[in-house]
Amino acid sequence: MIESFVNAALAEDVGRGDLYALVEPSVASSAKIIAKSNGVVAGRKYIDTLAKLESFEITWLKDDGETFLVGDVIATIKADSHTLLRCERTILDMLLHASSIATLTRKYVDLIEPYKVKLLDTRKTRPMLRIFEKYATRIGGAVNHRMGLDDSLMIKDTHLKTIDNLASYIEKARAVIPFTAKIEVEADTLYIAQEAMKANCDIVMCDNMTPAQVSEVTAFRNEYYPHILLEASGNISLQTIVSYAKTGVDAISSGSMIHQANWIDLSMKID
């Protein structure tokens, strides 16, 4: 899957061929990838695949998950000039995209680390980039939420509109979904959260609740259903995540670490 993704990314940029190669002969060359801002490296797995496919040599001075500062050399590359220049943009785009997500994710993770709460990503990813973007959040320190509708059964508010009896639905679901699949119910009020727990779900998502409301759900869970996991979600930002971490939930999910990540600054310099 990674190989297919990398091939498609390169083909998108190269098109029918690099016009530069029609003019100049290929010569031995080398380059450095240099940081022009601070961040966290992500993307090595994909770029290593590109190196194998295009037969160039890359030496990493910073590994996935390691931090870098302005001026740091992240990697060096050796290749013939045609290959190096043909792959330059694809290398940088994959590294920039993944590292930018990992960098923002690390900021979230560092904030909630004292509270032993897991940070989860969401399905709010760019079309066809879910695996790549969720890989980047994982490198940044997050834990992947479900990859798709087949991972676990999440009953959202839109689903609840079609369900007459939640307990009966969950009972029927247990008989047909995979044995290892969890059932999560989205709740935006204490009452719905209580009903979900009574219906024997595995996880309750406290969606768009205030920290005070989430704390009420946590207190109820702790007293009556301590085996059920709690997740807080909904417009959670760097400014508010600590207040949610303090509520006692098991996890906090946020799509912003992907869709709010601003690109860091990296460049490739030919020696």
Side-chain angles (χ1 to χ4, degrees), residues 1-15 17-21 24-110 121 125-126 128-142 144 257-258 260-271:
M1 189 171 292
I2 290 178
E3 186 173 313
S4 297
F5 174 83
V6 169
N7 270 323
L10 182 62
E12 177 184 52
D13 196 43
V14 173
D18 182 5
L19 298 181
Y20 166 83
E24 290 291 338
S26 183
V27 297
S29 60
S30 62
K32 296 181 180 70
I33 298 176
I34 301 171
K36 298 173 71 176
S37 61
N38 301 338
V40 175
V41 176
R44 175 172 178 171
K45 181 184 293 186
Y46 287 78
I47 296 167
D48 281 347
T49 298
L50 179 60
K52 182 179 179 181
L53 292 171
E54 293 296 309
S55 300
F56 62 81
E57 178 185 334
I58 182 164
T59 301
W60 293 91
L61 293 113
K62 297 285 185 177
D63 203 353
D64 269 356
E66 292 186 354
T67 59
F68 57 83
L69 302 174
V70 175
D72 284 349
V73 176
I74 294 173
T76 60
I77 300 172
K78 291 182 179 180
D80 67 85
S81 57
H82 286 183
T83 298
L84 181 58
L85 294 168
R86 182 175 67 251
C87 296
E88 176 186 6
R89 178 45 52 195
T90 303
I91 292 169
L92 287 174
D93 281 353
M94 291 193 295
L95 188 61
L96 283 163
H97 192 157
S99 297
S100 298
I101 292 171
T103 298
L104 181 55
T105 300
R106 183 66 56 82
K107 293 179 181 179
Y108 278 93
V109 170
D110 287 346
D121 53 25
T125 57
R126 294 165 182 81
M128 307 308 297
L129 290 177
R130 179 164 297 167
I131 292 175
F132 181 72
E133 292 182 332
K134 281 179 170 281
Y135 148 78
T137 67
R138 193 166 65 248
I139 295 300
N144 292 147
M257 67 184 93
I258 292 176
Q260 296 296 320
N262 293 318
W263 274 31
I264 55 178
D265 196 356
L266 303 172
S267 66
M268 183 183 293
K269 299 298 183 182
I270 304 293
D271 295 328

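FYI, the numbering just counts along the sequence from 1.
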So, taking the atom named [atom1] in [X] and the one named [atom2] in [Y], what distance separates them when rounded to the nearest 0.5 Å?
| X | Y | atom1 | atom2 | value |
| --- | --- | --- | --- | --- |
| Leu69 | Asn38 | CG | CG | 5.0 Å |
| Asp18 | Glu88 | CG | CD | 10.0 Å |
| Ile34 | Met268 | CD1 | CE | 10.0 Å |
| Glu133 | Met257 | CD | CE | 11.5 Å |
| Asp13 | Cys87 | CG | SG | 9.5 Å |
| Leu85 | Ser26 | CG | OG | 9.0 Å |

Student check: side-chain heavy atoms of [X] and [Y] closer than 4.5 Å:
| X | Y | result |
| --- | --- | --- |
| Leu50 | Met94 | yes |
| Arg86 | Val14 | yes |
| Thr90 | Tyr46 | no |
| Glu54 | Leu10 | yes |
| Lys36 | Val70 | no |
| Ile91 | Ile33 | yes |
| Ile258 | Arg126 | yes |
| Val40 | Ile264 | no |

Side-chain donor/acceptor of [X] to backbone N/O of [Y], under 3.5 Å:
| X | Y | result |
| --- | --- | --- |
| Glu66 | Asp63 | yes |
| Thr67 | Gly39 | no |
| His82 | Glu24 | yes |
| Arg130 | Thr125 | no |
| Ser30 | Asp271 | no |
| Ser81 | Val27 | yes |
| Thr49 | Lys45 | yes |

Review point. Under a 4.0 Å N-O cut-off, is there an ion pair linking Glu3 with Lys52?
Key: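 Looking at Glu3 and Lys52, the cut-off is not met.
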
Taking all non-hydrogen atoms of both residues, which atom of [X] and which atom of [Y] are closest, and how far apart?
| X | Y | value |
| --- | --- | --- |
| Leu92 | Ser267 | CD2-C, 4.2 Å |
| Phe56 | Lys78 | CB-O, 3.6 Å |
| Phe68 | Ser37 | CE1-O, 3.1 Å |
| Ser100 | Ala261 | O-CB, 3.8 Å |
| Ala136 | Ala98 | CB-O, 3.4 Å |
| Ile58 | Ala51 | CG2-CB, 3.9 Å |

Check your understanding: With distance as the sole criterion, is a donor-acceptor pair present between the side chains of Asp121 and Thr137 under 3.5 Å?
Key ->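 Asp121 vs Thr137: donor-acceptor pair found between side chains.
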
Exercise for review: Would you tell me whether Asp80 and Thr83 have side-chain atoms, one donor and one acceptor, within less than 3.5 Å of each other?
Suggested key: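 Thr83 and Asp80 do have a side-chain donor-acceptor pair below 3.5 Å.
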
Exercise for review: Could you label the plane-to-plane angle of the Phe5 and Phe132 rings as parallel, tilted or perpendicular, counting under 30° as parallel and over 60° as perpendicular?
Suggested key: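 Parallel: the ring planes of Phe5 and Phe132 meet at under 30°.
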
Check your understanding: Picking from Ile74, Val73, Val41, Asp72, what satisfies side chain to side chain contact (heavy atoms under 4.5 Å, CB included) with Leu61?
Key ->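 That would be Val73.
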
**Study point:** Qualifying residues under side chain to side chain donor-acceptor pair (under 3.5 Å), relative to Asp64, sequence neighbours excluded
**Key:**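 For Asp64 the side chain to side chain donor-acceptor pair (under 3.5 Å) partners, ignoring immediate neighbours, are Tyr135.
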
Review point. Is Ile2 atom CD1 crowded by more than 12 heavy atoms from other residues, nucleotides or ligands, each under 6.0 Å away?
Key: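 Counting neighbours around CD1 of Ile2, more than 12 heavy atoms of other residues, nucleotides or ligands fall under 6.0 Å, so yes.
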
